[in-house]
Amino acid sequence: MTGVVRESVRWVRATRPAGMACAALAVTAGAALLIARVRGDAGFPTDPAAVILLALAAGAAATVAARLQPAAGRFALGLTFALAAYLASAAWAVWASGAASPTAGPAAAIWNTAWIPVLLLGQLLASASIRRDPRPPRADLAVVALLALTAAANLVLSHPEEPFTGLPPIAPESWRTAIAPAGAIATVLGMVAILILPARLWWAALGSRGTARARIGLAASGATAAPLVVVFCLTLAIARDPGEVDPSLGSVAFLVALAAGAGFSLACTAFADGAPFAGDAVTARRIAVMCRVLALAAAALVAVATGTVIASPALAWGTTPAVVLVCTVTLAATGAAWVLSGRLASALALDPTPTPRPVGLPALSPRENEVLALLAQGGSNAGIAAQLVISERTVDAHLRAVFAKLGLERESGSNQRVRAARLWWEAAREQDR
């Protein structure tokens, strides 16, 4: 325990200067963008709401980084830098395009790619919040590789149409792709990549129970923010065509969604990593809030997409029918989101189990004791594997060894997992005496 405390203290001391430096970079870049706005730049990257929200997200990430366990804190620090770098690349691109600099094209291409690391680090941050092993799991490494490939392809292949005045909006007609098939493949790989961690974590959460289900469910919610941001981006494409919404307005909305997604991942991580989970009402409320936010965000995407399509001048709908249909879809999507998110929150908070104490059974190895502790916490094989960064097959092998060493043979009407957890709690009570 003393070693863990010392490591945490060293982490806080090392993190604060780096976090402050990244936050300072974000504030400086944000200030440069706001100054450009005051001087007459009307482009969407200098929109005050988007700039302020991105800078606030960077500051929040720097603050949270020093309070998390080192495994998650490193990714929070990385998220701080990614947000600061995104603002800095926007400031560079705005200056270069306004000054007709030869670097305007490369600057715009870098800015057009810098949002991908923000989504990646938000997912890695959520995944790290439940891990007890500093080693990254293979799923995380696969996501990093696929999104790195997507970012490299986007950086090399996508360039703004020339000539352009000001930074081009996030709209297909404003950008050209050198090799269209390669760009399409990279995009598909990126979309698949951001679904890997949410699917893996939700599978582990719904198969677990008690505190394990709560913690892994919060981590899964944080990892789901990235796919929602991408879906929002696709919704903006619908708003552009056939919705005929101003692309600059849609681009501002994307920046706001990017900042909100980062903030949501940070909140989920802070709850999953730093809060004591004991299956109480506070934990249930936290889970409910996160599930509601996710579901209502998805409902908002449905409503916005429907509204922009219906309001398209190309469809020539009358005002009254359009308003009635949009209101109907909005109410239906909101109601469904509220009901389904309530059921999901109830499932995640079901069967509350207190957090196990650090007990070691003499007959078991250190790793077997770790596996048994997580089993007593309510973890499924997938949940235990996600926290210890091992495969489910390895978890199963450890559990078979635990059952054998504890003399828990298969008996009709008796569950070996329940009996093993009971032995763990009996050892915990003996230790408290």
Side-chain angles (χ1 to χ4, degrees), residues 1 3-4 69 71 127-139 199-220 272-273 275-280 283-284 287 344 346-433:
M1 181 63 69
V4 173
Q69 298 297 326
S127 175
S129 66
I130 61 168
R131 288 207 306 268
R132 296 191 174 195
D133 194 311
R135 297 173 302 161
R138 293 180 180 178
R200 176 173 175 267
L201 291 172
W202 280 117
W203 174 259
L206 295 177
S208 301
R209 60 183 178 85
T211 56
R213 177 180 287 180
R215 293 186 68 245
I216 301 173
L218 286 171
D273 177 274
F277 286 86
D280 55 16
T283 299
I287 296 170
L344 177 60
S346 298
L348 291 176
L350 196 63
D351 189 20
T353 304
T355 302
R357 300 168 183 82
V359 178
L361 299 181
L364 305 181
S365 69
R367 176 61 93 183
E368 290 166 352
N369 271 302
E370 283 185 304
V371 171
L372 182 54
L374 294 176
L375 175 69
Q377 191 180 2
S380 63
N381 284 13
I384 296 172
Q387 295 177 78
L388 295 182
V389 194
I390 55 180
S391 67
E392 291 186 48
R393 181 177 298 178
T394 302
V395 172
D396 187 62
H398 282 310
L399 287 177
R400 286 199 303 270
V402 168
F403 299 152
K405 291 181 179 180
L406 296 180
L408 301 177
E409 302 297 334
R410 289 185 179 274
E411 299 176 4
S412 59
S414 179
N415 190 309
Q416 289 175 298
R417 300 173 73 95
V418 173
R419 292 158 61 201
R422 185 182 301 159
L423 290 175
W424 178 270
W425 288 113
E426 289 175 357
R429 285 193 293 270
E430 288 294 331
Q431 179 176 284
D432 290 341
R433 292 176 181 176

So Gln387 and Ile216, side chain to side chain contact (heavy atoms under 4.5 Å, CB included) or not? Walk me through it. CA-CA 9 Å; Gln387 295 177 78; Ile216 301 173; 3.8 Å; yes

Least distance between heavy atoms, [X] atom then [Y] atom:
{"X": "Ser380", "Y": "Ala204", "result": "OG-O, 3.5 Å"}
{"X": "Ala205", "Y": "Arg213", "result": "O-CG, 3.3 Å"}
{"X": "Ala220", "Y": "Leu201", "result": "CB-CB, 3.6 Å"}
{"X": "Gly383", "Y": "Ser208", "result": "CA-OG, 4.0 Å"}
{"X": "Ile130", "Y": "Ala386", "result": "CD1-CB, 4.1 Å"}
{"X": "Pro137", "Y": "Arg131", "result": "CD-NH1, 3.5 Å"}

Would you say the side-chain atoms of Arg200 pair up with the backbone N or O of Ala382, donor to acceptor, closer than 3.5 Å?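 No; zero donor-acceptor contacts below 3.5 Å.
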
Give, for atom [atom1] of [X] and atom [atom2] of [Y], the distance between the pair rounded to the nearest 0.5 Å.
{"X": "Leu408", "Y": "Leu423", "atom1": "CG", "atom2": "CG", "answer": "5.5 Å"}
{"X": "Leu406", "Y": "Leu364", "atom1": "CG", "atom2": "CG", "answer": "5.0 Å"}
{"X": "Ile390", "Y": "His398", "atom1": "CD1", "atom2": "NE2", "answer": "5.0 Å"}

Candidate pair Arg422 and Val418, rule side chain to side chain contact (heavy atoms under 4.5 Å, CB included), full reasoning: CA-CA 6 Å; Arg422 185 182 301 159; Val418 173; 3.9 Å; yes

Test of understanding: with side chain to side chain contact (heavy atoms under 4.5 Å, CB included), list the residues that count as partners of Arg417, not counting sequence neighbours.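 For Arg417, the residues satisfying side chain to side chain contact (heavy atoms under 4.5 Å, CB included) (neighbours in sequence not counted) are Leu375, Asn381, Leu399, Phe403, Asn415.
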
Hey, are the side chains of Arg138 and Ser391 touching, using non-hydrogen atoms and a 4.5 Å cut-off?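 Not touching, per the 4.5 Å side-chain cut-off.
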
Got a sec, which residues hit side-chain hydrogen bond (donor to acceptor under 3.5 Å, both in side chains) with Glu370, two or more places apart in sequence or on another chain?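 By the side-chain hydrogen bond (donor to acceptor under 3.5 Å, both in side chains) rule, Glu370 matches Arg367.
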
